[in-house]
K.L.:
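My structure is below; once you've seen it, I'll send some questions.
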Protein chains: 2
Amino acid sequence: MALLDTVVMRGLSSQGALSPEDKALLLGLELSPRQMSASEVLWLESADADLFCVVKEGWAYSYRNLKNGSKQILKFYLPGDIIGIRDFGFTRRLASAVMINEGVIYPFSYQQLFELFGRSNLAVGIMATAIRQQALLSERLIYLGKYAAHEQLAHFLYEIYLRLKRIGAVEDNSFLMPLTQELISDALGMSPVHVSRTFSMLREEGLVIRDRQHVQLPDPEALARLVEFNDSYIDEFLPPTFSELLRATP
Amino acid sequence: MALLDTVVMRGLSSQGALSPEDKALLLGLELSPRQMSASEVLWLESADADLFCVVKEGWAYSYRNLKNGSKQILKFYLPGDIIGIRDFGFTRRLASAVMINEGVIYPFSYQQLFELFGRSNLAVGIMATAIRQQALLSERLIYLGKYAAHEQLAHFLYEIYLRLKRIGAVEDNSFLMPLTQELISDALGMSPVHVSRTFSMLREEGLVIRDRQHVQLPDPEALARLVEFNDSYIDEFLPPTFSELLRATP
DNA sequence: CGCGCCTTTGATGTCGATCAACCTACGTGG
DNA sequence: CCACGTAGGTTGATCGACATCAAAGGCGCG
């Protein structure tokens with residue numbers, strides 16, 4: 001359970017890239033769920049790094065505290081995401097991780113991952129997960145660099161929209177987003193007030209309707225055009241050629 | 001040759017985490033060098049992704065073109081770095097990659113990587129490389145978010161300094177940096193003029209002396225303090241516990 | 001020597017930060 | 001059931017960091 005629920009593993013599986021033994025190995029991990037309350041801390045920056053977490057229910061985020069007292073959010077984690085991959089290969093956490101609302105997570109240790117690495121196909125899956133995270137980070141970086149606030153926010157919302165859509169959490173172009181404007185401001189590196197103004201701007205243009213946690217994108221395509229969104233880095237699981245290579249390699 | 005020259009693999013090797021067979025496998029890859037001229041393109045955004053490149057000599061960078069005509073540089077690659085890991089797991093390149101000055105690279109295909117994945121220890125090494133890149137990206141993201149121009153530039157220079165130092169390319173606190181201010185501006189998301197002004201500011205404070213490609217940091221520690229640099233994400237190769245786990249796992 | 005690339009310096013404009021007040025929804029306890 | 005407190009959100013006024021435009025000063029190279 002749980003690791004197979006991961007976004008990437010589901011993709012691998014649906015492409016027939018996982019052998020029965022691979023699946024058995026994943027299932028054999030025997031992860032035990034842990035109930036988390038809102039704002040509960042998974043770990044703090046520079047704590048010892050020794051495990052990952054698969055998010056089953058709820059949202060979480062990772063962040064770093066800054067000198068000036070504010071913080072920079074690196075990523076929001078939705079159900080199906082793996083938290084902690086960033087720190088794999090380091091002795092200590094590079095960022096803190098905290099739940100946003102209540103939820104359920106499945107922790108699993110580095111040691112368990114090592115066992116999976118014995119099977120090359122799974123190594124590829126884990127690797128792909130890590131790379132995908134990096135892709136999300138790159139996109140954010142690009143938008144932080146030279147884009148105006150409304151473009152950043154639009155891009156951010158569209159990313160969330162796509163990620164929720166692929167786990168079936170979007171209906172009628174609307175979804176639940178348990179984020180305060182302050183959290184969003186910490187992610188986009190702007191002030192909370194400006195996030196508010198920017199939401200107003202997008203509302204007036206008919207692109208985003210938001211009431212507390214309810215968000216609706218009346219015309220997602222228009223939004224995508226505004227931000228020139230290249231969805232491949234979210235929609236794609238693994239390239240077709242990979243599945244072939246994986247089946248070919250013993 | 002070449003893959004063993006990689007920063008991470010050298011780290012792994014020095015910790016005794018690579019078995020003789022691992023090393024043999026790496027050496028057996030038989031990579032052939034390719035001479036590159038300045039500004040030569042490795043690949044363009046959305047080209048088919050099918051290989052990596054180990055940088056042997058010279059500098060390179062990856063970037064994305066933006067709507068407004070400018071570009072965002074994602075990363076500068078120095079000798080010992082691997083270019084293209086970001087795209088592994090995607091069918092197409094997420095960013096273009098270009099040489100800065102002339103140099104030598106060793107291309108190797110995805111297929112060759114798959115063969116390495118059969119050996120779990122090597123999978124871990126590759127994985128660690130990818131994660132490390134992500135860490136660099138995270139740091140940049142943090143600095144783009146809420147920091148002033150002089151802090152960003154200081155952070156950028158100190159990162160380059162550390163990376164060059166670990167490959168032995170720093171002498172007397174000074175090094176060669178074949179970057180124009182325009183390239184730096186594209187990386188930091190600010191205007192070229194402001195990069196110039198910011199360099200002046202750092203010079204007046206006695207933190208950075210720059211003449212064309214020659215950069216000297218009279219007091220690296222002062223710079224590190226200014227940016228609260230946490231070098232673990234560059235200095236560290238693999239945590240000691242990893243080496244144990246790797247030796248333990250068959 | 002003279003052309004181009006890189007860099008520097010000055011003047012002006014603007015996007016978003018900051019400070020501050022107010023408003024709304026919601027939960028708590030009297 | 002209402003009074004109140006608190007967290008989140010909106011709106012206005014002011015200010016500053018950086019962008020942009022423009023011109024001029026090195027430095028290397030053909």
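Letters A, B, ... are given to chains in the order of the sequence lines, protein chains preceding strands, and every chain is numbered from 1.
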K.L.:
Which whole-number value in Å describes the distance from A:H194 NE2 to C:dT14 C1'?
P.N.:
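In whole Å, C:dT14 C1' and A:H194 NE2 are 11 Å from each other.
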K.L.:
Once the angle between the rings of B:Y63 and B:Y61 is folded into 0 to 90°, is it parallel (under 30°), tilted (30 to 60°) or perpendicular (over 60°)?
P.N.:
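The rings of B:Y63 and B:Y61 sit tilted, inter-plane angle from 30° to 60°.
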K.L.:
Among D:dG26, D:dG8, C:dC19, find the nucleotide with the atom closest to the side chain of A:T180.
P.N.:
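For A:T180, the side-chain atoms sit closest to D:dG8.
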K.L.:
With respect to the side chain of B:A148, which nucleotide from C:dT8, D:dC18, D:dT11 is positioned closest?
P.N.:
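Given the options C:dT8, D:dC18, D:dT11, the side chain of B:A148 is closest to D:dC18.
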K.L.:
Quick check for you: among C:dG16, D:dT11, C:dA25, whose closest atom lies nearest to any side-chain atom of A:A149?
P.N.:
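Minimum distance to the A:A149 side chain belongs to C:dG16.
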K.L.:
From the set C:dT7, D:dT20, C:dG16, return the single nucleotide nearest to any side-chain atom of B:S196.
P.N.:
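Nearest to the side chain of B:S196 among the choices is C:dT7.
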K.L.:
Between A:E182 (CD) and D:dA7 (P), how many Å, whole number?
P.N.:
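These atoms are roughly 11 Å apart.
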K.L.:
Can you tell me which residue among A:R132, A:Q134, A:Q133 is in a side chain to side chain contact (heavy atoms under 4.5 Å, CB included) with A:I85?
P.N.:
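So, applying the side chain to side chain contact (heavy atoms under 4.5 Å, CB included) to A:I85 and each of A:R132, A:Q134, A:Q133, only A:Q133 qualifies.
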K.L.:
Regarding C:dT8, can its base be found pairing with the side chain of B:R203 as donor and acceptor, where the two atoms are less than 3.5 Å apart?
P.N.:
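No pair found.
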K.L.:
Rounded to whole Å, please give me the gap between CE in B:M201 and P in C:dT8.
P.N.:
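Atom CE in B:M201 sits about 13 Å away from atom P in C:dT8.
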K.L.:
Angle between ring planes, A:F229 versus A:Y158, binned at 30° and 60°: parallel, tilted or perpendicular?
P.N.:
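The arrangement is perpendicular - the two ring planes meet at more than 60°.
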K.L.:
When we call it a touch if two heavy atoms are under 4.0 Å apart, what does A:V193 touch: a base, just sugar-phosphate, or nothing?
P.N.:
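Answer is base: heavy atoms of A:V193 come under 4.0 Å of a base.
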K.L.:
Please state how far atom CD in B:E151 lies from atom C1' in D:dC18, giving the value in whole angstrom units.
P.N.:
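Computing the B:E151:CD to D:dC18:C1' distance gives 14 Å.
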K.L.:
Take atom CZ of A:F199 and atom P of C:dG16, then tell me their distance rounded to the nearest Å.
P.N.:
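Those two atoms, CZ and P, are 15 Å apart.
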K.L.:
Between D:dC18, C:dT9, D:dA13, spot the one nearest the side chain of A:R197, thanks.
P.N.:
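So the side chain of A:R197 is nearest to D:dA13.
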K.L.:
Closest-nucleotide mapping onto DNA chain C: is A:Q152 or A:R212 further toward the 5' terminus? I mean the 5' end.
P.N.:
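Comparing both residues, the 5'-ward one is A:Q152.
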K.L.:
Is B:R140 reaching over with its side chain to a backbone N or O of B:L74, donor-acceptor style, under 3.5 angstrom?
P.N.:
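A pair under 3.5 Å: no.
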K.L.:
Could you check how far CG of A:N68 sits from P of C:dT18, rounded to whole Å?
P.N.:
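These atoms are roughly 8 Å apart.
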K.L.:
So, OP1 or OP2 of D:dG8: does either fall under 4.0 Å of a side-chain N or O from A:Q213?
P.N.:
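Negative; the distance criterion is not met.
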